[in-house]
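In what follows, a single structure is set out as structure tokens and then discussed.
Here, residue 1 is the first one in the sequence, and each next residue gets the next number. Remember, it's 1-based here, ligands and their atoms both numbered in the order they're listed. What you see is a predicted model, and the numbers here were worked out from it, not measured in a lab.
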Amino acid sequence: MGIGTFVRHRLGRLEIPAAELYRRFFIDLDHLGGRIAALHPAKRILEIGCGDGALAQRLTTVFATAEYLGIDPAATAGRLYRGDPARAEFRRQDIAMLAAGQPDPFDLVVIVDVLHHIPAAARPAVLRHAAALTAAGGLLLVKEWARDRPVAGRLAYWADRYITGDRDVEFMTEAQLATLLGGTLPEFTRTTLAPIPPWRENVLVALERTTDSAGPGPGAVA
Ligand SMILES: C[S@@+](CC[C@H](N)C(=O)[O-])C[C@H]1O[C@@H](n2cnc3c(N)ncnc32)[C@H](O)[C@@H]1O
């Protein structure tokens with residue numbers, strides 16, 4: 001457990017405001033939720049790497065009738081979610097386990113601030129599973145922090161390394177992210193959208209499935 005998580009868990013009623021304040025320094029999740037809602041309608045949403053449920057809270061608000069499923073390898077998946085419990089489900093599960101159950105595809109799949117926590121060699125397989133679970137005509141959204149600028153680009157690294165406590169965190173440049181997504185998900189039309197405030201490091205990429213083909217399975221990309 002990182003020092004940030006250790007401290008947060010001891011804050012009691014102040015934990016949610018403190019977590020929100022910390023996250024808000026890096027990203028305006030309300031803005032992100034609104035942007036996502038404006039992009040695509042959704043009845044079934046999958047969030048891969050849902051964390052404590054901060055984005056889930058926004059997604060179940062802006063998609064007022066959608067069903068939401070959040071998965072995360074952490075035991076604390078959805079722990080701070082305070083939205084409608086009837087429409088949100090959180091599972092301690094990885095994407096390969098979820099995909100093995102062959103659930104119906106989702107019309108919106110989101111991966112927000114997660115890829116940099118996954119070893120580079122494992123990212124393509126995660127993206128291929130995400131692609132396979134995105135319905136025809138559906139949208140896969142990836143939001144990452146780009147490390148292009150020397151100081152601002154390193155901010156999230158320092159926070160994740162020393163406050164969150166992830167020793168293996170590894171950020172991409174915007175070009176590396178584009179190469180990863182383009183090479184791994186060729187059947188998707190890719191659009192990089194305007195950055196999410198307050199930092200231009202917050203890169204949001206929309207990937208639209210333009211064919212019915214699910215493409216090659218996760219094993220197809222090393
Ligand atoms: C910064 S949090 C993002 C939480 C949420 N997406 C949000 O924006 O509020 C990153 C999350 O990625 C999760 N994670 C790490 N490795 C993962 C993997 N292989 N698959 C899915 N999630 C993973 C971590 O457990 C953590 O909860």
Side-chain angles (χ1 to χ4, degrees), residues 1-2 4-5 8-9 15-16 18-36 45-62 68-83 88-100 106 108-133 140-147 155-172 180 184 196-199 201-205 218 221:
M1 183 186 290
T5 313
R8 271 206 293 120
H9 285 194
E15 181 178 3
I16 291 180
E20 287 281 326
L21 200 64
Y22 174 74
R23 194 78 192 283
R24 191 168 178 115
F25 175 80
F26 292 99
I27 183 166
D28 183 341
L29 288 177
D30 292 321
H31 182 100
L32 176 61
R35 285 280 290 281
I36 294 174
I45 302 170
L46 170 64
E47 183 178 10
I48 299 168
C50 60
D52 288 341
L55 182 60
Q57 186 94 26
R58 275 73 179 189
L59 292 175
T60 53
T61 302
V62 294
Y68 166 98
L69 172 63
I71 61 167
D72 198 293
T76 50
R79 197 175 67 89
L80 300 183
Y81 175 77
R82 297 294 181 268
E89 181 186 352
F90 296 93
R91 297 185 195 162
R92 183 181 191 181
Q93 194 174 45
D94 70 22
I95 186 67
M97 285 165 65
L98 177 68
F106 296 82
L108 181 62
V109 177
V110 298
I111 308 177
V112 171
D113 288 332
V114 172
L115 287 181
H116 53 267
H117 291 289
I118 299 176
R123 290 172 191 162
V126 170
L127 290 168
R128 288 302 326 156
H129 280 304
L133 290 173
L140 169 57
L141 279 177
V142 176
K143 191 261 136 184
E144 269 296 301
W145 177 274
R147 64 165 173 84
L155 272 180
Y157 171 81
W158 291 321
D160 273 336
R161 173 65 187 85
Y162 298 106
I163 299 178
T164 307
D166 182 350
R167 290 166 192 269
D168 301 317
V169 64
E170 190 186 345
F171 288 86
M172 290 169 275
L180 171 67
T184 311
I196 303 300
W199 294 92
E201 274 69 17
N202 284 315
V203 175
L204 177 64
V205 182
V221 180

Residue, atom name and distance, where the atom is the protein heavy atom closest to atom 8 (O) of ligand 1: Arg23 NH2, 2.8 Å
Using atom types as modelled, flag every donor-acceptor pair under 3.5 Å from a side chain in residues 115-122 to any protein atom, sequence neighbours excluded.
from, atom 1, to, atom 2, distance (Å)
His116, ND1, Glu144, OE1, 2.9
His116, ND1, Glu144, OE2, 3.2
His116, NE2, Asp160, OD2, 3.2
His117, ND1, Asp166, OD2, 2.6

Go through ligand 1 atom by atom and flag the ones less than 4.0 Å from a non-hydrogen atom of Glu47. 5 (C), 6 (N), 7 (C)
Between Glu47 and Asp72, is any pair of side-chain heavy atoms under 4.5 Å apart? no
Going by side chain to side chain contact (heavy atoms under 4.5 Å, CB included), name the residues that satisfy it together with Phe25, two or more places apart in sequence or in a different chain. Leu155, Trp199
So do the side chains of Leu141 and Val112 get within less than 4.5 Å of each other, counting heavy atoms only? no
Heavy-atom closest pair (Leu180 atom, Pro124 atom, distance to 0.1 Å) is CD1-CG, 4.0 Å
Would you say Lys143 and Ile27 make side-chain contact, with heavy atoms under 4.5 Å? yes
Atom 4 (C) of ligand 1 [closest protein heavy-atom partner, distance rounded to 0.1 Å]: Gly49 O, 3.3 Å
Closest protein heavy atom to atom 10 (C) of ligand 1, given as residue, atom name and distance to 0.1 Å: Asp113 O, 3.3 Å
Quick check: Val112 and ligand 1, any N/O pair under 3.5 Å apart? yes
For atom 13 (C) of ligand 1, the closest protein heavy atom turns out to be Asp72 OD2, 3.4 Å
Numbered in order shown, the ligand 1 atoms found under 4.0 Å of a heavy atom of Gly51 are 4 (C), 27 (O)
Nearest-contact summary for atom 15 (C) of ligand 1 - protein heavy atom, Å: His117 CB, 3.8 Å
Looking at side-chain heavy atoms only, is the closest gap between Asn202 and Trp145 below 4.5 Å? yes
Heavy-atom nearest option to atom 12 (O) of ligand 1, drawn from Leu32, Val114, Ile27: Val114
Looking at ligand 1, does Ile118 have a heavy atom less than 4.0 Å from it? yes
Considering only heavy atoms of Cys50, which atoms of ligand 1 have at least one such atom less than 4.0 Å away? 4 (C), 5 (C)
When you look for heavy atoms under 4.0 Å from ligand 1, do you find them on the side chain of Ala56, its backbone, both, or neither? neither
Quick one: does Pro73 get an N or O within less than 3.5 Å of an N or O on ligand 1? no
Kindly assign one of parallel, tilted or perpendicular to the pair Tyr68 and Tyr81, based on the angle between their ring planes and the thresholds 30° and 60°. parallel
Any chance you could measure Arg82, atom CZ, to Thr60, atom OG1, to the nearest 0.5 Å? 12.5 Å
